[in-house]
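Counting starts at 1 for both ligands and their atoms, following the listed order. Bear in mind that the values here come from a model prediction, so they are computed numbers and not experimental data.
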Amino acid sequence: MSTYSVHLIAAARPNFMKVAPLYHALSEAAEFQVALVHTGQHYDQNMSDAFFDDLRLPKPQFHLGVGSGTHAEQTGRTMIEYERVCVAEKPDCVIVVGDVNATAAVAMVCTKLGVPVVHLEAGLRSRDRSMPEEINRLVTDAVADLLWTPSPDGDENLLAEGVPPEKINRVGNIMLDSFELMRERIEAAETRQLLQLESGQYGIVTLHRPANVDPPEVLGVLVAQLVDTSVRLPLVFPVHPRTRARLDETGAGNALAAADGIQLIDPLGYVEFMNLVAGASVAITDSGGLQEETTYLGIPCITLRPNTERPITVSEGTNRLSTPDQLASHLADALSGNWPSGKRPELWDGKAARRCVDSLRKFLRG
Ligand code: UD1
């Protein structure tokens, strides 16, 4: 039996829960030798190592130490560092996930070296090119050799862009494999008790998109809305480092800190965070992953964005897009039960990693 060496690329927090189930599934299959490559885009203990521990990922075989910087710095450093590794190691194929800078950077390196590249979470489109992730998605999908999509809209987007159908394989949503792998530990975690939150009686907030947190006037409006909201519903808000920096620079964080109903906490590891999500009555977010996790769990999600690359969470799930000004009325609807209960999209079943392994096997055998 031939064996294939596979590099699996992880860079930033939302990548780790997509990489973990695939790493475990590939490691169990005799014909794959899988090496984990961490680009180092996220490096804080609670943005990276906590996820590796929670998701039982080993120390990466390669760590590129890219760190923070402008988009060009991050993308360029990732390309330079990964090219060295790729040339020396000659993997049979490379898997990139999601839509962060490393996803596009590594895909470009591989395609120019003639190394087959597979994109997990392909085909998602917000059609908003002011979003850095949209550029990363377009670039990655334009060069990938095998495109694993989470939902039918992904397939349709790729076909409309001229990707040959034989390159597209719908595998479902792998994030939910992580949830199912960790379900027992998530349910047993005591994050809610530690924060004195009653199940079903609080909202969870996450905000980190540059469009929401970088312009001080937008951040100011969002903070005012959250302070108002917290009078009706206790909120817990794990604060992303980008957001923490903007709250400190602008002084907007003072109003949040002073609000009795808001608990501002540091970012959490995967298990602790999902314990909070699973017990929340509503999520208020601009994250991509949380839109999917709340649809899976049947929890109302208010997404503070004008668009989403995950429209199935709106058409089939529990997600609604919102301007900051609409937050109060959406919240009233969510709390009064005037909200669709939603359903789990097809193939969001915790078994996506297996389908990826089957697909990769066929692809590499040619
Ligand atoms: C990145 C991704 C975004 C993803 C998000 C999840 C891109 C273009 N963006 O955005 O798609 O949703 O990760 O978090 O790839 N920082 C730390 N510690 C860390 C990492 C970052 O303090 O471990 C700080 C640094 O000041 C850094 C800033 O956060 O400059 C932003 O980090 P960066 O990785 O550039 O972008 P994110 O906003 O995290």
At less than 4.0 angstrom from any non-hydrogen atom of [X], what atoms of ligand 1 do you find?
X      : value
Pro14  : 4 (C), 6 (C)
Arg242 : 29 (O), 31 (C), 36 (O), 38 (O)
His208 : 4 (C), 5 (C), 6 (C), 12 (O)
Gln74  : 34 (O), 35 (O)
Met47  : 23 (O)

Which residue and non-hydrogen atom of the protein lie closest to [atom], and at what distance in Å?
atom                    : result
atom 24 (C) of ligand 1 : Pro241 CB, 3.8 Å
atom 27 (C) of ligand 1 : Ser68 OG, 3.3 Å
atom 20 (C) of ligand 1 : His42 CD2, 3.3 Å
atom 16 (N) of ligand 1 : Tyr43 OH, 3.5 Å
atom 11 (O) of ligand 1 : Glu133 OE2, 2.5 Å

What I want to find out is whether [X] reaches [Y] closely enough, with some N-O distance under 4.0 Å, to be called a salt bridge.
X      : Y      : value
Glu133 : Arg209 : yes
Arg310 : Glu316 : no
Arg344 : Asp349 : no

request  = Evaluate whether atom CG of Asp325 has more than 12 neighbouring non-hydrogen atoms of other residues, nucleotides or ligands under 6.0 angstrom away.
outcome  =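 Counting other residues, nucleotides and ligands, CG of Asp325 exceeds 12 neighbours.
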task = May I ask you to check whether over 12 heavy atoms, not counting those of Glu184, lie within 6.0 Å of atom CD?
result = no
inquiry  = For Asn157 and Arg127, which I'm curious about, is there any donor-acceptor pair between the side chains at under 3.5 Å?
reply    = yes
task = Would you check whether Asn136 has a nitrogen or oxygen atom less than 3.5 angstrom from a nitrogen or oxygen atom of ligand 1?
result =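 Among all N and O atoms of Asn136, none is under 3.5 Å from an N or O of ligand 1.
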query = Purely on distance, is any nitrogen or oxygen of Asn101 under 3.5 Å from one on ligand 1?
reply =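 So ligand 1 has an N or O lying under 3.5 Å from an N or O of Asn101.
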request  = Taking Tyr202 for its side chain and Leu276 for its backbone only, find out whether a donor-acceptor pair lies under 3.5 Å.
outcome  = yes
Test of ring centre spacing under 6.0 Å for Phe62 and His7 =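 Aromatic pair counts; centres sit under 6.0 Å.
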